[in-house]
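All heavy atoms count here, side chains included; hydrogens, waters and symmetry mates do not.
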Amino acid sequence: MTIDPRRSAAFVAAVDCGSLEGAAAQLKVTPSAISQRIAALEQELGTPLLVRSRPCRPTAPGTRLLQYLRRSTLLESEFLAGMKDDPGPARVTLAVNNDTLATWLLPVLAPILDAEGLLVEFVLDNQGHTFALLEGGHAVACISGETEPMRGCSARALGMMRYRMVASPDFARRWFPDGMTRATAQRAPLVVFDRKDAMQSSFLLTHFGLPDGAYPFHYVPASDPFVHAVRHGMGYGMLPLEQCGALLDTGELVDLAPALHHDVPLYWHAWRIQPPRLERMGTALVKAARGVLLPLA
């Protein structure tokens, strides 16, 4: 049995766009045509593939199909490129966490993409959730805090990002005149990345016994604005050394808890069977990351 390419394209577009209307606009057909093609694919495979909600999302069998289609499309494009003297670029979708993208990844990855002739699409999420994007077929590889690979994939250690609890000098003098204590941390406004960010709450619970909701906080869900929020005294928060190291050296930020830190291990997850260019990219990325990140304990 072969899968009709028009039906599979409609399914992938619906997942990527989140709606039949978006898929129709992308493929330049009507929403009715998209619906009919997906229904025909579901009938052909004998199982529901798409939950027609807003946004659309794949069922469990749909997720397995999406994984297969992502990989087969990449393998096909790599094969066809190999038949030409000038293979041209291939596109890969990588799931990464915001702090990684904002700090060490681009300087490491840019020359690798150039050497391999690859175009990249980043899908962003917390390092604890990027694995689910790979698992759900939304990416062909990911950088994750997850240590164990899913079936059919490998996981290679990259290194560790170290986070410090920092604030501007003025903020520290105002809210923590005698240092960071349980009582002062209860009153001072904290900066939290988003609702998935458990790093700050885990730090406060572990070291100061403060549960969620026991302190005021801001949400600032973008990496550079998060840094600016802390620098400008909106609140205090945890920053990776890659972002705060120089600011600590110049005195623009101060470390509120010099004896404490939070380490985030990172791993490269990718399918074991993948196109040669993606395999070479992953190998080069792992090697380069180990040169810039702290080694795992």
Side-chain angles (χ1 to χ4, degrees), residues 1-78 80-81 88-98 100-102 105 109 113 118-144 150 152-153 193-196 221-223 269-271 274-275 278:
M1 181 183 71
T2 59
I3 298 176
D4 185 296
R6 295 192 309 162
R7 296 173 182 174
S8 62
F11 169 69
V12 172
V15 173
D16 286 347
C17 296
S19 69
L20 301 185
E21 293 77 13
Q26 178 177 304
L27 298 180
K28 297 179 173 57
V29 296
T30 65
S32 177
I34 295 292
S35 180
Q36 290 173 18
R37 290 176 188 181
I38 295 174
L41 183 60
E42 290 175 324
Q43 184 174 3
E44 180 182 8
L45 297 179
T47 186
L49 300 171
L50 190 72
V51 178
R52 288 161 174 78
S53 56
R54 288 192 177 276
C56 294
R57 55 184 177 82
T59 63
T63 296
R64 292 195 294 273
L65 176 63
L66 191 62
Q67 291 174 346
Y68 164 76
L69 293 173
R70 299 277 194 214
R71 295 168 63 200
S72 63
T73 298
L74 197 58
L75 288 167
E76 181 180 340
S77 65
E78 186 76 357
L80 294 176
R91 182 175 299 279
V92 295
T93 304
L94 306 180
V96 303
N97 59 303
N98 287 272
T100 285
L101 185 61
L105 180 60
L109 187 60
L113 296 175
L118 291 170
L119 301 174
V120 66
E121 177 181 353
F122 291 115
V123 185
L124 297 178
D125 209 331
N126 180 279
Q127 66 270 0
H129 296 82
T130 50
F131 185 82
L133 294 171
L134 173 64
E135 195 174 36
H138 298 285
V140 296
C142 75
I143 292 174
S144 171
M150 69 180 192
C153 288
F193 190 84
D194 61 18
R195 296 180 187 277
K196 295 179 181 179
S223 190
H269 290 257
W271 292 97
Q274 55 187 320
L278 187 57

Practice prompt. Salt-bridge test for Glu121 and Arg91: reply yes if a basic N is under 4.0 Å from a carboxylate O, no otherwise.
Written response: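 Judged by the 4.0 Å cut-off on N to carboxylate O distance, Glu121 and Arg91 do not form a salt bridge.
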Fill in: Ionic contact status for Arg52 with Glu42, cut-off 4.0 Å
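Yes, charged N to carboxylate O under 4.0 Å.
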Discussion item. Run Leu124 and Leu101 through side-chain contact (heavy atoms from CB on, under 4.5 Å) and show every step you take.
Written reply: CA-CA 9 Å; Leu124 297 178; Leu101 185 61; 3.4 Å; yes
Does any non-hydrogen side-chain atom of [Y] lie less than 4.5 Å from one of [X]?
X	Y	result
Leu41	Leu45	yes
Leu66	Val15	yes
Arg37	Val29	yes
Cys153	Leu134	yes

When rounded to the nearest 0.5 angstrom, what distance separates [atom1] in [X] from [atom2] in [Y]?
X	Y	atom1	atom2	value
Thr100	Gln127	OG1	CD	7.0 Å
Ile34	Gln26	CD1	CD	8.5 Å
Cys56	Ile38	SG	CD1	7.0 Å
Ile3	Glu44	CD1	CD	7.0 Å

Which heavy atom in [X] sits nearest to a heavy atom in [Y], and how many Å separate them?
X	Y	value
Ala14	Leu20	CB-CD2, 4.1 Å
Ser223	Phe193	N-CE1, 3.6 Å
Pro31	Ala24	N-CB, 3.5 Å
Ala139	Leu94	CB-C, 4.2 Å
Ile143	Val96	CD1-CG1, 4.1 Å
Gly136	Gln67	N-NE2, 4.4 Å

Worksheet item: Are Ser32 and Gln36 linked by a side-chain donor-acceptor pair shorter than 3.5 Å?
Response: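 Their side chains do contain a donor-acceptor pair, which is all the 3.5 Å distance test asks for.
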